[in-house]
Amino acid sequence: MHSTTQDLPGAGGSGAVGRLRAALATIRAGVEEALATPTTWVEVGELGALIGELEAEKARTDALTLAWVRQAEAGDIGKTTGAATAAGGCAARSGCRRPRPPPPSAWPGTWTVRSP
């Protein structure tokens, strides 16, 4: 769902920023709810379906991130952050560093399927 209301070019986009922050807050609340919900008694098939849905949403958030990075680079983010790339500028601005996920062999509860 999206709004048909648009900010005027050069108007600062405060309305758009507010809508984007609200969307991020909704995502954050949903993730917090999912993390707080125990999955101990969820059937394996259902869990598999949920994992598929989660992977699809992760792909969509990755696409959104790339779109925002592309826009930031088009706006020459380096002038405001001193970073060579938008990704570096965003990390510098937010103070976050995206950690690398552990390899699958380090995931708790993983198993290996072997052929006979």
Side-chain angles (χ1 to χ4, degrees):
M1 177 188 256
H2 68 280
S3 172
T4 57
T5 306
Q6 295 182 357
D7 297 304
L8 297 174
S14 61
V17 170
R19 288 193 305 273
L20 293 172
R21 288 191 190 280
L24 291 173
T26 301
I27 292 168
R28 188 176 305 111
V31 170
E32 287 174 3
E33 177 69 21
L35 287 170
T37 303
T39 57
T40 308
W41 301 108
V42 176
E43 292 182 22
V44 173
E46 290 293 326
L47 197 53
L50 290 169
I51 290 169
E53 289 181 45
L54 180 60
E55 288 297 318
E57 292 308 316
K58 187 165 51 168
R60 289 168 40 103
T61 59
D62 286 346
L64 179 60
T65 299
L66 290 173
W68 287 2
V69 166
R70 184 174 47 249
Q71 180 67 32
E73 286 179 345
D76 200 10
I77 195 168
K79 287 183 180 178
T80 59
T81 65
T85 66
C90 294
R93 179 171 286 165
S94 67
C96 71
R97 297 286 184 257
R98 191 171 189 172
R100 295 189 91 120
S105 60
W107 296 352
T110 58
W111 58 91
T112 304
V113 177
R114 296 186 181 152
S115 306

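These values consider heavy atoms only, across backbone and side chains, with no hydrogens, waters or symmetry-generated copies.
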Under 3.5 Å, which donor-acceptor pairs link side chains of residues 30-53 to any protein atom two or more places apart or in another chain?
residue: Thr37; atom: OG1; partner: Glu33; partner atom: O; Å: 2.7

Taking 4.0 angstrom as the limit, do Arg60 and Glu57 come out as a salt bridge? yes
Set of residues satisfying side chain to side chain contact (heavy atoms under 4.5 Å, CB included) with respect to Leu24, sequence neighbours excluded: Ile27, Arg28, Trp68
Value rounded to 0.5 Å, distance of OG1 in Thr65 from NZ in Lys58: 12.0 Å
